[in-house]
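Report on the following structure.
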Amino acid sequence: MSLLEIDAIDAYYGESHIIRDLSMNVEEGEICALLGRNGAGKTTTLRCISGATPPDVRDGHIHYKGEDITGVPAEDVSVKGISLVPEERRIFPNLSVAENLHLAEVVNNKSNTWGRSLSFGHKGMSTEEVYEQFPRLDERKDQRAGTLSGGEQQMLAIARALKQNTDLLLLDEPYEGLAPKIIEDVEDAVERISDAGTTILLVEQNAAAAIKLADRAYVIDQGGIVFDGTADELRDDKETRERYLGV
Ligand code: ATP
């Protein structure tokens, strides 16, 4: 059984048919990449999984740890151990790094008092563990988040997600808008998190960067999967790369 199994889903925004008969799996412990051009349907796929601003999934199923989570609301999906870091990062620019992290904890505890997290017995990373994984954030804990570099802001967004119980981390274009040198820093952070045991679904337009870290990759075009293989197979498949990824 895969950690996440998406089986032939069709998803719509209103009457627009966006995701078409899409199937993919994410195996426990791996970094799986979902690649594709602008508007291919990557973010929409993540929304189907996370339940955040979800499209209407009219056909097919999504299973997580064997449990059907199709159409389950975002707060319940999150309690089950799936965390999404959205494209726009959503950190609080006027709060310090430490305050941003603390806030993630407060939200977590709040869900505990609602009897959600506790009843599942899950726990996210402590602040100390977060600083161990992200020494850069430790150095800058008193700095206002809005003044961090783009890469540091991305790390903070990932760190916040990890403060929730996370077995599967969904990263939506973490390299977007970052300079190559900074991308390397975020890559290192993603690798560390993966080594520590978190499964990662990495959604990217930057195929070259994503393939470097990924074990396996899917390519999506017009809402459907057009390639499925190991990262090495995609690297060797010039036609797919040129046709669907422009690299
Ligand atoms: P990008 O890399 O630009 O973020 P993407 O692969 O993540 O692209 P999606 O955001 O999933 O693409 O969009 C897929 C298609 O769905 C696009 O044609 C987009 O215009 C459309 N779409 C996205 N959100 C909505 C919405 N709320 N209502 C209607 N159509 C939408």
Side-chain angles (χ1 to χ4, degrees), residues 4-26 31-62 64 69-75 77-78 82-91 150-151 153-154 157-158 161 168-180 182-183 186-187 190 200-214 216-229 231 234 237 240-247:
L4 182 78
E5 297 179 354
I6 304 182
D7 183 22
I9 55 168
D10 279 86
Y12 294 74
Y13 287 119
E15 283 316 303
S16 306
H17 192 175
I18 307 288
I19 299 297
R20 297 165 182 269
D21 196 31
L22 182 144
S23 297
M24 63 182 287
N25 295 334
V26 180
I31 300 181
C32 179
L34 176 63
L35 310 172
R37 277 195 283 247
N38 242 325
K42 303 181 297 295
T43 298
T44 307
T45 303
L46 289 187
R47 286 178 177 166
C48 292
I49 302 167
S50 70
T53 48
D56 182 16
V57 180
R58 293 194 196 157
D59 254 313
H61 289 276
I62 303 175
Y64 177 65
I69 58 162
T70 324
V72 167
E75 62 271 27
V77 171
S78 136
I82 300 180
S83 294
L84 168 71
V85 180
E87 215 170 335
E88 62 277 10
R89 292 169 197 160
R90 288 205 206 123
I91 56 165
Q153 290 190 17
Q154 183 63 48
I158 296 174
L168 173 61
L169 184 65
L170 310 175
L171 296 178
D172 196 356
E173 305 210 21
Y175 306 146
E176 200 191 12
L178 303 182
I182 312 284
I183 288 181
V186 178
E187 283 172 352
V190 171
I200 296 172
L201 176 55
L202 174 62
V203 163
E204 260 302 329
Q205 267 196 67
N206 184 340
I211 291 173
K212 262 205 275 173
L213 291 191
R216 288 186 315 117
Y218 291 87
V219 176
I220 182 172
D221 187 60
Q222 297 183 26
I225 297 295
V226 292
F227 172 93
D228 155 15
L234 181 56
D237 188 341
T240 298
R241 282 193 287 106
E242 286 179 353
R243 184 156 167 209
Y244 298 111
L245 303 171
V247 287

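Sequence positions, counted from 1, serve as the residue numbers for this chain. Just so it is clear, the structure is predicted and the values come from calculations on it, not from any experiment. Both counts, for ligands and for their atoms, begin at 1 and track the order of listing.
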Ring-face cation contact, Y244 with R37, 6.0 Å cut, 45° max: no

Contact residues of ligand 1 (heavy atom under 4.0 Å), by chain and number: Y13, I18, R37, N38, G39, A40, G41, K42, T43, T44, R47, E87, E173, Q205

Over 12 foreign heavy atoms within 6.0 Å of CD, Q222: no

R243 atom CZ, neighbour heavy-atom count above 12 within 6.0 Å: no

Residue pair L201 / L171, side-chain heavy-atom distance below 4.5 Å: no

Flag, side chain of S50 to backbone of A52, donor-acceptor distance under 3.5 Å: yes

Passing candidate, side-chain contact (heavy atoms from CB on, under 4.5 Å) with V219, options L234, D228, D237, I225: L234

